[in-house]
There are 2 protein chains.
Amino acid sequence: MSNLDAHPQAPDLAALAALLADRTRAAFCLALLDGRAWTATELAHHAAVAASTATGHLNLLVDAGLLAQERQGRHRYVRLAGPETAHLVETLASLAPRRAAAPRSLPAVTRSRALARARTCYDHLAGALGVAVTDAMTGRGLLDWDQGPALTGAGAHWLAHLGITLPPVARRPLVRSCLDWTERRPHLAGAVGAALCRHALDHGWITRIGTGRAVALTPTGRSALHDSLGLPDETHTPTA
Amino acid sequence: MSNLDAHPQAPDLAALAALLADRTRAAFCLALLDGRAWTATELAHHAAVAASTATGHLNLLVDAGLLAQERQGRHRYVRLAGPETAHLVETLASLAPRRAAAPRSLPAVTRSRALARARTCYDHLAGALGVAVTDAMTGRGLLDWDQGPALTGAGAHWLAHLGITLPPVARRPLVRSCLDWTERRPHLAGAVGAALCRHALDHGWITRIGTGRAVALTPTGRSALHDSLGLPDETHTPTA
DNA sequence: CGGACCCTTCGGCGCCCGCCGAAGCGTCGC
DNA sequence: GCGACGCTTCGGCGGGCGCCGAAGGGTCCG
């Protein structure tokens, strides 16, 4: 009985894992979790490798279908091929040993400031803000995790009230739990998470900082999230 | 800006992926998805490698925390360290390219026979049987996937009626979707999936075949699943 | 007690793969 | 048209890692 007979999937699984088993390619995929398209040169700089090295790595990822690419003149843009790839990268990231562990327990006022340091995770909100939004929605009965992650009726109404319409065809889960690497608690992913993030960007609740995944919570956003979810808002909360 | 500065997680993520980026280790982990403990020698035979090779690989996986081990005299038993590891392996397996694709569309009678060829996936039912159970539960309103995978009230009653009690502390999701590699459709995972599988084994609905993940649906099981979920039962259904 | 068995360590071999700079092609903007 | 820029190809180098058999230690069983 050969290895192939025992588990035909083993070589394929190993090959897929091997694509992420290189620190440069891992850095590429982590960067691309911001949901945007990067050029080859940007990724090379980001990962501090030569352009020729980046080319080889990107070819592997594109050929394997983990990344999608688009040519615009001399620029080669790549992005994660879809939510499945993002989910794989997220899963690996959530299980990988932590290095710089975030503080476990923040005082409330510090937590309020921490909301300002948010980021996106693929196409949904992550970090302290993502977790805070998720927790608040859960606390207000907009999400129900008791029997698996689900959007409640109240949650659907709340979204509609905000003017958020969900995609008519549910080809991806409406609600998915995504374990936040820094907070070590789940934040909201799936179609709802993506729609919320889109809404937050479109309405100026958050703005992107630089070219990474960092986003800044704006005063408008802080106020809106306070009104709609009761998140701490420094303009309304006295400083302790 | 060095690679480490850009993404501190990248080397760790890559290291984790590297653990599964070897066909022998991948075969080990796929085998261990049956949820049982295997000895080092069994795994070596299974993957067709020398005992010394298996030792080295197992040491890597155990040291990294992906596997848990237990010594009993001269035997070294290892198992997957927990559902998180299983989820990672499942995720990789579901994204890995397929080789021997299962037939896409089975005639009903052949599908009935296919139910007999089931398997477990970590601690829940998989394959044709797992998918059939999942579909039947969904069709009868016991599971609701419209807003994320969820157990319905009817589902909870159904489980109670079967005598299945769920763990009081929900430290893992009650319901989780697990994409079935061979059927390419989701089967039920999570605490409910595990409880169902346990129940099916305890009540003789399925029995294990050999030392792998294959399980056989028994006449008792076929009858019980027909009664409780309307699954095809050859003793009640005329052969076409 | 002795042989069989499980498992581990060791050393050597061969293969794979990421890295780089140099050279080169195509695009872009002045 | 020319230089700058983005990207690709090529060849060589060095490091890493899985593989094996041999040797050996510990456990098990007749």
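Quick note on labels: first sequence line is chain A, next is B, and so on, each numbered from 1.
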Pair up each side-chain donor or acceptor in residues 67-75 of chain A with any protein partner under 3.5 Å, not counting sequence neighbours, and list the distances.
residue, atom, partner, partner atom, Å
A:Q69, OE1, A:R76, NE, 2.5
A:Q69, OE1, A:R76, NH2, 3.0

Just by protein heavy atoms under 4.0 Å, how would nucleotides 25-30 of chain D read 5' to 3' in B, S and -?
-BBS--

In residues 50-68 of chain B, what residues come within less than 4.0 Å of DNA chain D, judged by heavy atoms?
B:A50, B:S52, B:T53, B:H57

For A:S223 and A:P219, indicate whether the former's side chain and the latter's backbone hold a donor-acceptor pair under 3.5 Å.
no

Which of the following nucleotides, D:dG18, D:dC7, C:dT8, is nearest to the side chain of B:R76?
C:dT8

Say you draw a straight line from CG of B:D63 to CG of B:L19; how long is it, rounded to the nearest 0.5 Å?
9.5 Å

Among C:dG18, D:dT8, D:dG6, the one nearest any side-chain atom of A:R71 is D:dT8

Can you measure B:L20 atom CG to D:dG18 atom P for me and round it to whole angstrom units?
12 Å

Hey, are the side chains of A:L80 and A:L33 touching, using non-hydrogen atoms and a 4.5 Å cut-off?
yes

Just the rounded figure in Å: distance from C1' of C:dC20 to CG of A:D22.
15 Å

Could you give the CD-to-P distance, from A:Q69 to D:dT8, as a whole number of Å?
8 Å

What is the distance, rounded to the nearest whole Å, between atom CG of A:L19 and atom C1' of C:dC16?
15 Å

Check B:L43 against B:A31 and note the closest heavy-atom contact, atom names and distance.
CD2-CB, 4.1 Å

Heavy-atom nearest pair, B:A26 first then A:A10, reads CB-O, 3.6 Å

Step by step, would you call B:L88 with B:L20 a side chain to side chain contact (heavy atoms under 4.5 Å, CB included)?
CA-CA 10 Å; B:L88 174 58; B:L20 294 167; 3.9 Å; yes

Length of the CZ-P vector between B:R23 and D:dC17, whole Å
18 Å

Roughly how many Å is it from CZ in A:R25 to P in C:dC17, rounded to a whole number?
9 Å

A:F28 atom CZ is separated from D:dC7 atom P, nearest whole Å, by 11 Å

Phosphate OP1/OP2 of C:dC19: any A:T24 side-chain N/O under 4.0 Å
yes

Do B:L13 and A:L95 have side-chain heavy atoms sitting under 4.5 Å apart?
no

Within the distance-only criterion (no hydrogens, no angle test), does the side chain of B:T220 pair as donor or acceptor with the backbone N or O of B:W205 below 3.5 angstrom?
no

